Amino acid sequence: MKIPVVIWVGLALTIGCFFLYFFQPPFIVNVSLKLYDALIRSTQAPPKTSQIVIVDLDDDSLQRVGQWPWSRYVLAELTRRIMDAKASVLAFDIVFPEPDRTSPVVLRQAWEDAFQVKVRMEGLPPAYEDFDRIFGQALAGRKTILGCAMQMAPQPVTNADESLDPYYRNFFYDKASGRIYANTLFNTNLVQSDFLTMSIPVLNSNAGNNAFFNTLPDDDNVIRSTPLIWAYGPLRIYPSLALEAVRLHLGIDKVGIEYDYQGVIRLRLKDRTIPTDEHGRAYLNFRSLNPAARYGFGTFPSYPAVKVLTGEVGEKELGGKIVFLGTSAVGLRDMRATPITGEFSGVEVHATLADNILAGDVLRNPRWMKFVEMGVLLLTGLFLTLVIQKNRAWISFVVMLLTLGAALGVSFFLLHSRCVIFIPSYVILVVVTLYPVLTMLKFWEEERQRRQVRKMFGTMVSHEVLRYLEDHPGCFSLAGKKADATMFFSDVAGFTSISENLDPEKLSELLNRYLSPMTTIIMNRDGYVDKYEGDAIMAVWGVPFPLPNHAVQACLAALEQQETLEVLRPFLKNQFGYNIHVRMGLNSGRVTAGNMGSEERQQFTVMGDAVNQAARLEPVNKDYGTLITIGETTFEQARAHIEARLLDKLVVTGKTVPVHIYELMGKKGAVPAPRQEVAGIYEEALRLHWERDWDRAEERLARCLRIQAADGPSLNLQKRLALYRRQPPPEEWRGEHIRGSKD
């Protein structure tokens, strides 16, 4: 079976999109990221835990307390007030890599170095000489976290300088073995660092822990995910500020790392799991922005640091909460681009991740999703190809829109209800690639088919049928198919003699005058003129398009041709000198219809036993003196609309099984009473002769001929009876008549 070109092209384009999935070209990646951003914006919700707040080093605080950096004793006071307000955890989105330059001990040393003299500060208690020590004491014994900066390395580091952080605390364990984490091979999958920027030792040693505040934007500089863990050398892992804040908030001793040969699978905080990618990065489920937010932040509750220092903000606002200390002040703000806004404070990235972990709705991008995406891509391509090939343009358009809507709807549902990331960018790529290309190709193919149909059938069917074939090229097969049809053959009696006596011009004119009205009648009755062979016509009903009442239409067309000939015959006699009489044969049955011929020249036609039998029925009319003979199947299918009489039980040339044949006499109710009477008596005679009752059969035939002396079937049967009286048929004879010639 020939596969349509639309199917081939659809498969090729689908496979092309499938390969693009592996190469991930930048333009598709960018489209995917923008689509992801749009989905994130459509699924935003407010913070879900009410356990996250931000203390903001805003412009008002700097104006009232002083420029940044503040003295460490001020930060110590801020820390004490926050923790005394019963905050659960205080996380600094800040690193303190240098001593406080305003500290007395630092100033004294600077003066001594500058002026080479011994400097004394009288009246200052020793406890206040070192502001860093004061800050360190405020941090000590509390759930406080200092930020650190990880410098990204392009590859795993084997000789990391561990002296940069002598107070490293390991809170991770290998979930597979239960051991404290020490897997050098696993480290290679994580984001790598070859240098740390830590707070000074007096602060580092007193803080609850250190955690990195770095985050990694995508190639378009937008933050959609952020690392939860970061490798420093083969044996050290650092937590993110948000992860460490949640660990301390929940009072969990260790964080489990689940991984396999591909990398990290998830992190585990006792009964809580945090899904990650293989590099240990979490996809952020951004919360909705609050349009009425103040102090520079738009997602989580935030309070100016100066109000904490003055006591205006206390336990009511901070009690039991994870407090992130960050800044929105001009010149200090750490602004990042995210899917929800181009200006998102860096500290809110940590706050968002902490809220996601506590709420258990960190977005998941499972590894198996790529197989789902590839499968959906292929199925969408195949489905759309078949739809476009087999349906009309408007149906294909609706299905295309429904496919796009379904892809986006499923993506929205998975993200909103299941926190699963499914970006249908490649599904959309398949749809927007296949639909226009295949639609144009199908339009071109249909136009080509229309031209082919018009060329093949333009002069052989009516204009209405031709339009139907052009609009429904799929209703018939040029390659060949089985169909139920009625075949018609006609031939002009004595045409050989006519052609020998007329000159070519006159003969051609005669044929045109005869064939033109006959063809019109056939086409008006939804017939297909298969071919002309001189004076002979072959026509078919039921192909190339389905026609449920093909037998009825063929019989009515044959009768109308005879009626037209009755009117036309005197004019043809007057102009050409000959009376034109036409014999016709019809038969119905199963045929094979399709294009037949050579590669250079083909014609749509029909083949099969039913066709051959129809061709044999036309010359049978000579034996019986009839004009139209029809087969038994045709009679059974059309009997409600026609008048016919049983002619004989005939074995045509080349066959051994007898078939009943009938004379088509007229339309239902249009045959004169005498002729109907003759037909009835004839059938009695025919059945009596089958029973070898020659005498009674002769008596019936005599009655027929008294009513209609020139009744051809009666005269023919009368001759046969005379033969049977002289030469009786064999014992096995059951009434069949074997015709010895084709014409």
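Predicted, not measured: the structure shown is a model, and the values here were computed from it.
Residues Phe422 and Leu415 fail the side-chain proximity criterion, which asks for heavy atoms closer than 4.5 Å. Between Arg367 and Ile265 the shortest side-chain heavy-atom distance falls below 4.5 Å. For the pair Val437 and Val9, the minimum side-chain heavy-atom distance is below 4.5 Å. Looking at Val31 and Ile428, their side chains never come closer than 4.5 Å, going by heavy atoms from C-beta outward. Residues Leu35 and Pro424 have side chains in contact (heavy-atom distance under 4.5 Å, counting atoms from C-beta outward). In this structure, Val399 and Phe383 have side chains that are in contact, with non-hydrogen atoms separated by less than 4.5 Å. Considering only heavy atoms from C-beta on, Asp220 comes within 4.5 Å of Leu33 through its side chain. With a 4.5 Å cut-off on side-chain heavy atoms, Tyr303 and Asp56 do not count as touching.
The closest donor-acceptor contact from the side chain of Lys143 to the backbone of Leu248 lies under 3.5 Å. Side-chain atoms of Lys270 never come within 3.5 Å of backbone atoms of Ile252 as a donor-acceptor pair (strictly under, hydrogens ignored). The backbone N or O of Leu57 lies less than 3.5 Å from a partner atom in the side chain of Thr327, making a donor-acceptor pair. Counting only distance, with no hydrogens or angles, the side chain of His279 and the backbone of Asn189 share a donor-acceptor pair below 3.5 Å. The closest donor-acceptor contact from the side chain of Lys254 to the backbone of Asn170 lies under 3.5 Å. Using modelled atom types, no side-chain atom of Gln44 and backbone atom of Ser42 make a donor-acceptor pair closer than 3.5 Å. Judged by distance alone, the side chain of Asp277 and the main-chain N or O of Arg281 form a donor-acceptor pair under 3.5 Å. Panel note: side chain Thr341, backbone Phe344; no donor-acceptor pair is recorded below 3.5 Å. Side-chain atoms of Asn214 come within 3.5 Å of backbone atoms of Met150 as a donor-acceptor pair (strictly under, hydrogens ignored). Of the possible polar contacts, one joining the Thr43 side chain to the Ile40 backbone as a donor-acceptor pair under 3.5 Å is found.
In this pair, Phe22 and Phe19 present their aromatic rings tilted. The plane angle is within the 30 to 60° band.
Applying the side chain to side chain donor-acceptor pair (under 3.5 Å) test to every pair with at least one member in residues 418-437, sequence neighbours left out, gives these pairs: Gln24-Tyr426, Ser32-Ser425.
Pairing each heavy atom of Val420 with each of Pro366, the nearest pair is CG1-CD, 4.2 Å. Closest approach of Ala407 and Val427 over heavy atoms only: CB-CG1, 3.9 Å. Of all non-hydrogen atoms in Ser396 and Val387, the two that sit nearest each other are OG-O, 3.6 Å. A pairwise comparison of heavy atoms in Val55 and Ile82 identifies CG2-CD1, 4.1 Å as the closest pair. Nearest heavy-atom pair, Glu244 versus Ala211, reported as atom, atom and distance to 0.1 Å: CB-CB, 4.0 Å. When all heavy atoms of Val95 and Cys148 are compared, the closest pair comes out as CG2-CA, 4.2 Å.
Atom-to-atom distance recorded for Asp93:CG and Phe324:CZ is 8.5 Å, nearest 0.5 angstrom. Separating the OG1 atom in Thr273 from the CZ atom in Arg266 is a distance of 6.5 Å, to the nearest 0.5 Å. Here the straight-line distance linking atom CG of Leu438 with atom CH2 of Trp8 works out to 14.0 Å at 0.5 Å rounding. With values rounded to the nearest 0.5 angstrom, Ile229 atom CD1 is found 4.5 Å from Ile257 atom CD1. Here CG of Leu408 is found 7.0 Å from CG of Leu39. Values are rounded to the nearest 0.5 Å. Atom-to-atom distance recorded for Lys442:NZ and Ile7:CD1 is 9.5 Å, nearest 0.5 angstrom.
Results of the side-chain contact (heavy atoms from CB on, under 4.5 Å) test with Val323 over Thr144, Leu90, Val308 single out Leu90 as the only residue that passes. The only member of Arg336, Lys34, Arg224 that meets salt bridge (charged side-chain N to carboxylate O under 4.0 Å, His left out) when paired with Asp218 is Arg224.
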>> Before you tell me yes or no, could you show the steps for Arg268 and Glu258 under side chain to side chain contact (heavy atoms under 4.5 Å, CB included), namely the whole-Å CA-CA distance, both residues' side-chain angles and the distance that decides it to 0.1 Å?
In response: CA-CA 8 Å; Arg268 188 174 291 277; Glu258 295 185 24; 2.8 Å; yes
>> Let's go through Tyr36 and Tyr283 carefully: what are the C-alpha distance in whole Å and the side-chain angles of both, what is the deciding distance for side chain to side chain contact (heavy atoms under 4.5 Å, CB included) to 0.1 Å, and is it a yes or a no?
In response: CA-CA 11 Å; Tyr36 176 83; Tyr283 288 87; 4.1 Å; yes
>> Between Tyr238 and Trp230, is the ring pair (Phe, Tyr, Trp, His ring centres under 6.0 Å) condition met? List the steps.
In response: CA-CA 5 Å; Tyr238 283 82; Trp230 202 310; 9.8 Å; no
>> Before you tell me yes or no, could you show the steps for Met152 and Leu216 under side chain to side chain contact (heavy atoms under 4.5 Å, CB included), namely the whole-Å CA-CA distance, both residues' side-chain angles and the distance that decides it to 0.1 Å?
In response: CA-CA 10 Å; Met152 188 173 178; Leu216 298 177; 3.8 Å; yes
>> For Ile322 and Val53: C-alpha separation, side-chain torsions, deciding distance, then whether side chain to side chain contact (heavy atoms under 4.5 Å, CB included) applies.
In response: CA-CA 6 Å; Ile322 297 175; Val53 298; over 6 Å; no
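The side-chain tip of Arg247 points at the ring of Phe171 from less than 6.0 angstrom away and within 45° of straight on.
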Give the table of side-chain donor-acceptor pairs shorter than 3.5 Å for residues 353-362, with sequence neighbours excluded, one pair per line with atom names and distance.
from	atom 1	to	atom 2	distance (Å)
Asp355	OD1	Thr49	N	3.3
Asp355	OD1	Thr49	OG1	2.4
Asp355	OD2	Lys48	N	3.1
Asp355	OD2	Arg287	NE	2.7
Asp355	OD2	Arg287	NH2	2.9
Asn356	OD1	Asn285	N	2.8
Asn356	ND2	Asn285	O	3.1
Asn356	ND2	Thr352	O	3.2
Asp361	OD1	Arg287	NH2	3.0
Asp361	OD2	Lys48	NZ	3.1
Asp361	OD2	Arg287	NH1	2.8
Asp361	OD2	Arg287	NH2	3.1

